[in-house]
Amino acid sequence: MLANGDCSSTELTEHYLERIARLDKDLNTMISVNSDDAISGARACDERRAAGENSPLLGVPMVHKDIFCVDGGKTTCGSRMLETFHAPYSATVVNKLNGAGMVMLGKANMDEFAMGSSNENSYFGAVKNPWQRDCVPGGSSGGSAALVAARLAPVATGTDTGGSIRQPAAFCGLTGIKPTYGRVSRYGMIAFASSLDQAGPLAVTAEDCAMVLQAMAGSDERDSTCSNQPVPDYSKSLGDSIDGLKIGVPEEYFSDGLDDGVASAVRSALAEYEKLGAKLVSVSLPNQGLCIPAYYVVAPAEASSNLSRFDGVRFGYRCDNPADLEDLYTRSRGEGFGAEVKRRIMIGTYALSAGYYDAYYLKAQQVRRLISDDFDKAFADVDVVAGPTTPTPAFKTGAKTDDPVAMYLNDLYTVSANLCGLPAISMPCGEVDGLPVGLQLTGQHFDEARLLHAAHRYQQVTDWHQRMPAGLE
Amino acid sequence: MNNIVALTTDDIKQIAHLARIGLDEAAIEPLRDDLTTVLSLVEQLNAIDTAGVEPMAHPGNAELRLRDDVVSEENRRDALQAPAPDVEQGYFLVPRVIE
């Protein structure tokens, strides 16, 4: 549309800003909206296009999850701790998407410090699922998912430490990809668990995800864990046949706890893949049941270390009238962090404390190796592993807030990709009682192109991804 | 399965102290319940034989790159200290530590 002059970036940006102003009061998907900067950015893009520039993302509006630092802009991470924090530099992802000509409309709501599966842990209030407003949008990138589902922007960034892109994508009927660990720079992305965190896009189609991931990915001098491996052209072979693609189906993914409606939607999607020429192969991930226990040691341990930087001294919230330094630390952290963040910091602190380190942290890292070995074995026989993204569709707001473990089990199928550093994509593949269902494909390291390709082919023969929540005209 | 998880309220206070998180008295009991529930979930790991398994601290086999030892960032002290709650002459201010 932008390329052939059907509309300008300014018009498109005004269109989305108008929708945000009208619809977001109820949905609460955004923490900040930068209307003036967006309009002036869009005008600049229109001038660049008029001068002959024609890159595919030039002038396309988007929203960043509020975990990405934007120079001079408010970056809250969904926390009281950073309520008034203005970042002194921009994340690499922000710079790259700016460079590609994307126009930032604002920052998306999220679970505090990306800890949550329902977006109920935001200091700035819960986000509503546009499909059914009494349901959660998923988390932690719940704002990003809900706003794209409500067509308040065509694309948003998210981050994924245990499923935080894929689970909300599934709950909101979107396509979302968590790239291989190291594919996208983590510089300027506020850290939760540094060996698990990855950034990726949420959009309506795999095709859109391919274009945005293209712009996000690649090496970065400022993140030594970011890979130097060349980034392939993700859009080039999207339309190619997937004849002969070997899809591994782990029976462990279809066991207790999986909603019947979700199971049958996923089975139908797999049947659709067979029609497209893919071969289904039964594989086994015997340690699947240990993913959540291992994750809830590794992630909190890393979080307790990362979040020690929020001490009321260098940035962020400071309590009133501290009596002494100890009081400054404990009250700033006690008052600045929300309940779930405190819970996870304390689990991590305990798991890393003297006398428990071997029993918890070391043990979890050994089990992490076993889980990773399972995938290596599976990938000896298949190209991708498929299954449900989540055990159930979106649940009602408040339904799981009193039971942390019930909440954690939402991530049953998603945490393994983070533990193993593998790329994984979620795409809409059905509905249960009017709520979207997600199909997840997990690939080998740096095989994002194959995941996007497989998702795109499915989306060419199905229309689940095109369905929209009602009442958002 | 062993049951090393039997957290007391004193344990919670000790963990909160280690994490430098101030807790209201009323928050301690619910936290004890929550942490006990989560640690019970984690206990499943103890049933697994991991003798001789190399711990995996990091996904993939990524080797950390080294860069040339040259200055790459300009001095932006004022900008980087701007978000601090209390700064004077380039120092971060905290309550008096030494009387």
Side-chain angles (χ1 to χ4, degrees), chain A residues 85-88 180-182 195 221 224-225 227-228 289-290 292-294 296-297 304 311-316 318 322-331 333-335 337 342-343 345-347 349-350 353 359-360 362-370 372 403-405 408 419-421 445, chain B residues 2 4 7 11-12 14-24 27 30-31 34-35 37-48 50-67 72-73 76 78-87 92-97:
Chain A
F85 176 71
H86 287 252
T180 308
Y181 184 83
S195 81
E221 284 298 315
S224 64
T225 65
S227 174
N228 276 342
L290 299 173
I292 292 283
Y296 277 97
V297 175
S304 75
D311 57 2
V313 175
R314 289 159 300 157
F315 34 68
R318 174 181 282 199
D324 53 29
L325 189 58
E326 182 76 12
D327 186 46
L328 184 151
Y329 289 151
T330 55
R331 275 206 292 129
R333 288 165 65 78
E335 295 165 14
F337 290 136
K342 288 183 208 173
R343 201 146 48 209
I345 290 175
M346 289 181 64
I347 293 164
T349 302
Y350 181 71
S353 62
Y360 288 108
L362 209 63
K363 188 80 182 177
Q365 289 198 326
Q366 288 177 311
V367 171
R368 184 180 188 180
R369 173 80 58 195
L370 297 177
S372 179
D403 184 352
V405 168
Y408 296 171
L419 288 169
C420 308
H445 290 119
Chain B
N2 60 23
I4 51 175
L7 294 175
D11 290 333
I12 298 298
Q14 174 62 12
I15 299 167
H17 169 70
L18 289 173
R20 297 297 188 276
I21 288 178
L23 292 179
D24 294 338
L31 257 173
D34 286 347
L35 262 61
T37 313
V38 175
L39 292 172
S40 308
L41 171 84
V42 165
E43 292 290 285
Q44 293 174 40
L45 299 177
N46 290 327
I48 308 306
T50 53
V53 177
E54 168 107 17
M56 181 171 165
H58 214 266
N61 304 309
E63 276 177 42
L64 293 187
R65 286 180 285 110
L66 296 177
R67 65 173 176 84
S72 59
E73 306 289 323
R76 299 183 59 223
D78 291 346
L80 294 173
Q81 284 195 322
D86 205 358
V87 169
F92 294 102
L93 297 189
V94 295
R96 182 181 292 274
V97 179

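Proteins get letters first, then strands, A, B, ... in listed order; numbering begins at 1 in each. Keep in mind the model is a prediction, meaning the values are calculated, not measured.
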Given Glu326(A) and Arg20(B), is the side chain to side chain contact (heavy atoms under 4.5 Å, CB included) satisfied, shown in steps?
CA-CA 8 Å; Glu326(A) 182 76 12; Arg20(B) 297 297 188 276; 3.2 Å; yes
Which heavy-atom pair separates [X] from [Y] by the least distance, and what is that distance?
X         : Y         : value
Leu93(B)  : Arg318(A) : O-NH2, 2.7 Å
Gly316(A) : Pro85(B)  : O-CG, 3.7 Å
His86(A)  : Pro83(B)  : O-CG, 3.8 Å
Leu18(B)  : Ser353(A) : CD1-CB, 4.2 Å

At a 4.5 Å cut-off on heavy atoms, which part of [X] comes close to chain A: side chain, backbone, both, or neither?
X        : result
Ile12(B) : both
Val42(B) : both
Gln14(B) : neither
Leu31(B) : side chain
Arg76(B) : side chain
Ile21(B) : both
Ala82(B) : neither

Just how far is it from atom [atom1] of [X] to atom [atom2] of [Y], taken to the nearest 0.5 Å?
X         : Y         : atom1 : atom2 : result
Met56(B)  : Cys420(A) : CE    : SG    : 5.5 Å
Leu7(B)   : Met346(A) : CG    : CE    : 9.0 Å
Leu45(B)  : Tyr296(A) : CG    : OH    : 13.5 Å
Arg368(A) : Thr50(B)  : CZ    : OG1   : 15.0 Å
Glu335(A) : Asp24(B)  : CD    : CG    : 9.0 Å

Flag yes if more than 12 heavy atoms outside Glu221(A) fall under 6.0 Å of its CD atom; otherwise flag no.
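No, the 6.0 Å shell around CD holds no more than 12 heavy atoms from other groups.
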As an exercise: rank [options] by heavy-atom pairs under 4.5 Å with chain B and give me the winner.
options                                    : value
Gly289(A), Ser227(A), Gly334(A)            : Gly334(A)
Leu328(A), Val313(A), Asp327(A)            : Val313(A)
Ala294(A), Ser304(A), Gly182(A), Ala323(A) : Ala294(A)
Leu325(A), Asp403(A), Asp311(A)            : Leu325(A)

Test Gln44(B) against Ile292(A) for side chain to side chain contact (heavy atoms under 4.5 Å, CB included), laying out the working first.
CA-CA 10 Å; Gln44(B) 293 174 40; Ile292(A) 292 283; over 6 Å; no
All side chain to side chain donor-acceptor pair (under 3.5 Å) counterparts of Tyr329(A), not counting sequence neighbours:
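Listed in chain order: nothing, the list is empty.
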Stepwise side chain to side chain contact (heavy atoms under 4.5 Å, CB included) check, Thr225(A) with His58(B):
CA-CA 10 Å; Thr225(A) 65; His58(B) 214 266; 4.2 Å; yes
Checking heavy atoms, do the side chain of Ala364(A), its backbone, both or neither come under 4.5 Å from chain B?
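Ala364(A) touches chain B through backbone and side-chain heavy atoms alike.
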Check step by step if side chain to side chain contact (heavy atoms under 4.5 Å, CB included) holds for Tyr360(A) and Leu39(B).
CA-CA 9 Å; Tyr360(A) 288 108; Leu39(B) 292 172; 4.0 Å; yes
